[in-house]
Amino acid sequence: MPHRVADQLLTRLVEAGVERIYGVVGDSLNPVTDALRLNDKIKWIHVRNEEAGAFAAGAEAQLTGKIAACAGSCGPGNLHLINGLFDAHRSNAPVLAIASHIPSSEIGTGYFQETHPQNLFQECSHYCELISNPAQFERVLHSALQNAIGKRGVGVVVLPGDVVGMEMPAATGSRSLVTQRPSIRPGEKDLARLADLINSAKKVALFCGIGCENAHDEVVALAEKVKSPVGHTYRSKPFIEYNNPYDVGMTGMIGFGMCYEAIHECDLLLLLGTDFPYDKFLPTKTKIAQIDIRVERLGRRSRLDLGIWGDVRETLKALLPMLNAKSNREYLDNTLRKHKEKLRKMNVYVDHVGKRLPMHPEPVAAALSEVAAQDAIFTADTGMCNVWSARYIKATKDRRLIGSFNHGSMANALPQAIGAQCAYPGRQVISISGDGGFAMLMGDILTLTQLNLPIKVLVFNNGALGMVKLEMETGGFPDYQTDLKNPNFAKVAEAVGMMGVRIENPADLTSGLKKALQHPGPALIDVVTDPNALSIPSHADRSQAVGFALAMGKMILSGNIEEVVDTIEGNIRHTGESLESI
Ligand SMILES: Cc1ncc(C[n+]2csc(CCOP(=O)(O)OP(=O)(O)O)c2C)c(N)n1
């Protein structure tokens with residue numbers, strides 16, 4: 001049997017540490033799938049939509065830190081990868097995408113299924129090249145892998161079906177992929193300038209991003225030494241919130257707690273490994289220093305007094321001995337006291353409002369956090385369930401939480417859970433979606449039963465594209481086309497061979513969730529919640545209240561009085577006991 005390009009592809013992927021390829025088989029990919037059939041070191045993970053495959057690969061790469069792979073057949077097959085690849089790329093997840101292509105002799109003729117993947121994937125990759133003949137294969141594949149691993153993002157190889165089936169020229173030997181990252185420590189002068197800034201400031205606040213992923217202890221030590229409150233982004237929540245007496249929550253639209261106030265009331269803000277994009281939630285008058293391993297991020301969100309190019313952990317390790325310990329805890333203690341009070345008010349939605357019908361989403365997330373494993377992996381869809389997850393799922397040392405945090409795509413949670421469960425077969429994996437996001441790639445629940453992946457899928461079934469409804473209302477638009485007519489998702493799950501649990505009453509929450517989580521196979525929990533559940537941002541913006549009033553006024557003028565009453569009643573019900581927290 002000749003050694004084909006397809007066989008060599010798998011050899012190289014195994015060497016790179018790839019354990020599986022997510023995708024859908026098809027025509028031009030046949031030599032690859034045939035090579036897979038004969039290779040026991042790498043598995044094919046058969047998803048129902050290539051987009052799910054790309055999300056799954058991105059999730060695997062984010063969770064393991066290693067390169068993951070996905071593939072799509074020519075034309076529409078690989079085109080489906082694109083949204084998941086954008087997500088992986090923007091999350092700095094090292095992913096190799098194999099975009100299979102039409103026969104090389106047909107390129108440029110308008111052939112059946114012809115697209116130009118090397119153009120299409122440019123924007124969502126560090127490297128994207130067409131392989132036109134076997135002699136070119138090794139170097140292009142190596143470059144795609146090395147770019148994905150080194151620059152952290154997507155590398156794409158475009159492989160025509162005929163080329164991938166051709167015999168490889170004589171073996172060229174391993175190309176020694178470099179996977180070990182260097183640590184970047186700033187120069188002494190920069191460290192001294194940073195130490196001076198911190199030593200001369202009275203009130204220092206920290207705002208932590210994903211760059212703090214491996215720096216929990218250093219961040220807490222810094223906070224302890226200079227008496228700083230510590231805020232964090234959603235993405236860095238799992239790495240910063242736990243075992244952290246200085247934690248003050250998140251800023252931004254989905255934020256909570258005292259983060260917004262802490263970073264505005266300090267006289268020096270340290271941005272640690274964060275590229276938090278919502279600059280209107282960042283201060284403009286405070287002194288700001290930023291540390292990031294990506295130099296291009298320094299200063300692009302806010303004015304800077306000092307930018308430091310370095311790895312957060314390495315920088316803090318070098319910096320800590322240069323700092324004078326502060327003794328005045330007034331700003332820190334005030335902030336922590338107010339934070340505790342805000343958390344108490346936030347929990348009103350769980351303890352009191354949460355007992356009412358229609359069910360509110362907050363007690364659902366809080367109950368899930370209580371019953372989920374201490375090392376569970378959560379994936380959260382874009383939409384309101386992000387708010388509930390950010391606020392009520394508690395971080396622990398070993399829990400992980402990922403979402404489409406930079407790209408902001410819906411329908412990410414279920415396929416990301418597939419990637420998580422494949423990478424960690426022994427861990428509890430919980431996908432959290434809205435009904436809109438879930439339905440968007442719902443076909444892939446079939447993957448759970450087909451591959452017997454014991455994923456637990458929680459759907460907030462509020463019959464609405466809730467986040468958009470809220471955005472419309474607070475933006476002054478009457479909500480339009482946001483209603484969803486849903487089936488009983490638990491019954492759908494049962495029909496496809498999963499356990500289905502439907503929860504309509506808060507009293508059944510804990511038992512229903514436990515039943516699903518204890519089930520050894522895949523399970524779906526369909527939780528019916530209030531479409532009018534409002535989330536109050538950590539820092540309320542007056543224009544949103546004005547927008548809401550305007551939207552209601554417009555709806556009254558167009559005769560939709562009943563809907564207005566429903567919306568307002570729902571929101572009053574929802575915010576009733578916590579209005580003072582606005
Ligand atoms: C692929 C994609 N399409 C559209 C949007 C815009 N969008 C953001 S949130 C949202 C609604 C989400 O609704 P649902 O999943 O039901 O969750 P809910 O907000 O109701 O909890 C939409 C349409 C998006 N972010 N991604």
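When a residue number appears, it is its place in the shown sequence, counting from 1. Indexing begins at 1, ligand by ligand and atom by atom, following the structure's order.
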- Mind checking whether G466 has an N or O less than 3.5 Å away from an N or O of ligand 1? yes

- Query: At the 4.0 Å heavy-atom cut-off, does D381 count as touching ligand 1?
  - Reply: no

- For G436, take its heavy atoms, then give the atoms of ligand 1 lying under 4.0 Å from any of them. 14 (P), 15 (O), 16 (O)

- Counting both backbone and side chain atoms, is some N or O of F438 under 3.5 Å from an N or O of ligand 1? no

- Side-chain H-bond candidate by donor/acceptor type, D479 with T482, under 3.5 Å: yes

- Message: Show the atoms of ligand 1 that are less than 4.0 angstrom away from any heavy atom in C385.
- Response: 21 (O)

- Nearest protein heavy atom to atom 17 (O) of ligand 1, by residue and atom, and its distance? G434 CA, 3.5 Å

- Task: Give a yes or no on whether the backbone of G255 and the side-chain of R391 come within a donor-acceptor separation of less than 3.5 Å.
- Result: yes

- Could you tell me the residue and atom name of the protein heavy atom closest to atom 10 (C) of ligand 1, and the distance to it rounded to 0.1 Å? V468 CG2, 3.4 Å

- Is it the side chain, the backbone, both or neither of A464 that has a heavy atom closer than 4.0 Å to ligand 1? backbone

- Return yes if some donor-acceptor pair links the side-chain N/O of K456 with the main-chain N/O of P454 below 3.5 Å, else return no. yes

- Short N or O distance, N462 and ligand 1, threshold 3.5 Å exclusive: yes

- Query: Quick one: which ligand 1 atoms are inside 4.0 Å of a heavy atom on G408?
  - Reply: 24 (C), 25 (N), 26 (N)

- Message: Test your reading of the structure: does D435 have an N or O sitting under 3.5 Å from an N or O of ligand 1?
- Response: yes

- Query: Mind checking whether L465 has an N or O less than 3.5 Å away from an N or O of ligand 1?
  - Reply: no

- Can you check side-chain hydrogen bond (donor to acceptor under 3.5 Å, both in side chains) on N92 and K151, steps first, answer last? CA-CA 8 Å; N92 299 121; K151 293 185 185 163; over 6 Å; no

- Any side-chain donor near an acceptor of the partner, H80 and N49, under 3.5 Å: yes

- Query: If you measure from atom 3 (N) of ligand 1 to every heavy atom of M410, E471, M467, which option wins on shortest distance?
  - Reply: M410

- Query: Listed by chain and number, what are the side-chain contact (heavy atoms from CB on, under 4.5 Å) partners of A490, not counting sequence neighbours?
  - Reply: N488, R502, D526

- Short N or O distance, G383 and ligand 1, threshold 3.5 Å exclusive: no

- Item | Identity and distance of the protein heavy atom lying nearest atom 15 (O) of ligand 1 | G437 N, 2.7 Å

- Polar side chain donor-acceptor pair, S409 to N412, under 3.5 angstrom: no

- Message: Is the ring pair F276/Y278 parallel, tilted or perpendicular, if the boundaries are 30 and 60 degrees?
- Response: perpendicular

- Message: Side chains of H407 and N83 only: does a donor on one sit below 3.5 Å from an acceptor on the other?
- Response: yes

- Message: Just to verify, what does S404 make a side-chain hydrogen bond (donor to acceptor under 3.5 Å, both in side chains) with, not counting sequence neighbours?
- Response: D87

